[in-house]
S.K.: 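First the structure, then my questions, so here it is.
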Amino acid sequence: MTAETITTREAGSPGLAFPDGFVWGAATAAYQIEGAAAEDGRGPSIWDTFSKVPGNVADGHTGDVACDHYHRYAEDVRLMTELGLAAYRFSVAWPRILPAGAGRVNAAGLDFYDRLVDELLAHGIAPYATLYHWDLPQALEDAGGWAVRDTAARFADYAAVVHERLGDRVRTWTTLNEPWVASFLGYCSGVHAPGRRDPAAAFRAAHHLLLGHGLATQALRAGGAAEIALTLNLSPVIQVDGGEREATLVDGLMNRQFLDPALRGRYPEDVLDVAARHGGLGHIRDGDLAVVHQPIDLLGINYYNPSFVSAAPAEPANPAFPGTEGIRFEPPTGPTTAMDWPIEPGGLETLLVRLSRDYPEVGLLVTENGAAFDDRPDGDRVHDDDRIGYLDGHLRAAHAAITAGADLRGYLVWSLLDNFEWAYGYHKRFGIVYVDFETRRRVPKDSALWYRDVIARNGLGSA
Ligand code: FCB
């Protein structure tokens, strides 16, 4: 795939029905909502360490308390029930299960997810468990983190422990969330934990994450897991000056670096060229790609926005994209969210159609899509029409992709709750439910009530 184009659709359009059985849900991640960081035997993760270093996270925010979901999970499941969610995607905190990353299993950590899963099932909500949403046990980072091969094997061991306990009730398992972010923001630009700035380590981390995905998939299959997914952050890359060489390279680094090994068993040549110039390829051993390339049931797609680039010979490499000297990442020109991310629903349609064309053997699930806006409560309500507009547009795009033949099985909004938005701390609110971070009170925003109606009618009403 080279230069992309995206379709623009009018808002305020007719009602749309989604296919029968389309799965509607919401997503969260452990470190962003749980809190209870030092409770019941949980060990430290790289995000505990990273967030405590001044300057890493806005205003020194940490996930120590977050939404206090660890204690309030039953209330949160009640909220999900009121919205009519069919599925809830959460992540398991590795350091709750294995406080030192390997070795001793912490029974109290498993007990928490056991309670959560039972509560979900009691309310008819399917639990979708993600095994790695970025909270690597600090002990494993101290031993080299994802830049060393052993971490992949430890991840598979951990996957087996969690599956053994929850596999009788959890059908859908996601190995990794967004390995590009974990490797290139964590080990290259350093804006995420563990905060390293070493391109060679980032390419090694990317490979070991993929290897960990393959090994964990084998372990989950051996344990009888019903449905296995890999979630990637994917973004159509559009070259605004009419060329395509630069867009193709960025697409390789961000998208194909993960899609092709996982779904085709090979790395794209353009990505190997860049990696070879940044530390070499010695970490990729014979047989690794066969392990990475396990049959999976679902590709999880986290889509927020397309990326815009142009050729600019004097430009230095982007800190998160080694090898991109001469490429400018263009700022958005149209409407944006509070993250300054462009609002381009058509990018989701482009992406879904491309994926179903290029990787037809795997089912598709939107595992994250949503937007941050500067929400403010108004009495007992939070009026977030901008978020409703964002979600409406993206659901229309998803529907158009289905009509064009994409095998899209469901949509999970990011996020159920306002939460700890990584380096932005609590300043960026992605929730459809507002959280007051003083009192931890939850208030469903207008978008939550709107989403409840979408779910109830399995589609969009006319606007
Ligand atoms: C994704 C992450 C998720 C959240 C959203 C806004 O990259 O998977 O945890 O931070 O972005």
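All ligand and atom numbering here is 1-based and tracks the order in the structure. This chain uses plain numbering: 1 for the first residue, then up along the sequence.
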S.K.: Pairs under 3.5 angstrom, nitrogen or oxygen on both sides, ligand 1 versus protein: list them out, please.
M.R.:
| residue | atom | partner | partner atom | Å |
| --- | --- | --- | --- | --- |
| ligand 1 | 7 (O) | Glu178 | OE1 | 2.6 |
| ligand 1 | 7 (O) | Glu178 | OE2 | 3.0 |
| ligand 1 | 8 (O) | His133 | NE2 | 3.2 |
| ligand 1 | 8 (O) | Asn177 | ND2 | 3.0 |
| ligand 1 | 8 (O) | Glu178 | OE2 | 3.3 |
| ligand 1 | 8 (O) | Glu368 | OE1 | 3.1 |
| ligand 1 | 8 (O) | Glu368 | OE2 | 2.9 |
| ligand 1 | 9 (O) | Gln32 | OE1 | 2.7 |
| ligand 1 | 9 (O) | His133 | NE2 | 2.8 |
| ligand 1 | 9 (O) | Trp422 | NE1 | 3.0 |
| ligand 1 | 10 (O) | Gln32 | NE2 | 3.4 |
| ligand 1 | 10 (O) | Glu421 | OE1 | 2.7 |
| ligand 1 | 10 (O) | Glu421 | OE2 | 3.2 |
| ligand 1 | 10 (O) | Trp422 | NE1 | 2.9 |

S.K.: Under the rule for salt bridge (charged side-chain N to carboxylate O under 4.0 Å, His left out), what residues qualify as partners of Glu39, not counting sequence neighbours?
M.R.: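 Testing Glu39 for salt bridge (charged side-chain N to carboxylate O under 4.0 Å, His left out), a comparison that skips the adjacent residues, returns none.
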
S.K.: Strictly distance-based, threshold 3.5 Å: is any side-chain N or O of Asp64 a donor or acceptor partner for the main-chain N or O of Ala37?
M.R.: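 No; zero donor-acceptor contacts below 3.5 Å.
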
S.K.: Please report the C-alpha distance between Arg115 and Asp111 in whole Å, then the side-chain angles of each, then the deciding distance to 0.1 Å, and finally whether the salt bridge (charged side-chain N to carboxylate O under 4.0 Å, His left out) criterion is met.
M.R.: CA-CA 6 Å; Arg115 293 194 295 277; Asp111 291 347; 5.2 Å; no

S.K.: Compare all side-chain heavy atoms of Tyr303 with those of Pro236 and state whether any distance is below 4.5 angstrom.
M.R.: yes

S.K.: Just by distance, with hydrogens left out, do Thr28 and Tyr88 show a side-chain donor and acceptor under 3.5 Å apart?
M.R.: yes

S.K.: Report yes or no: do Tyr73 and Glu34 form a side-chain donor-acceptor pair below 3.5 Å?
M.R.: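 No, because no side-chain N or O of Tyr73 sits under 3.5 Å from a partner of the opposite role on Glu34.
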
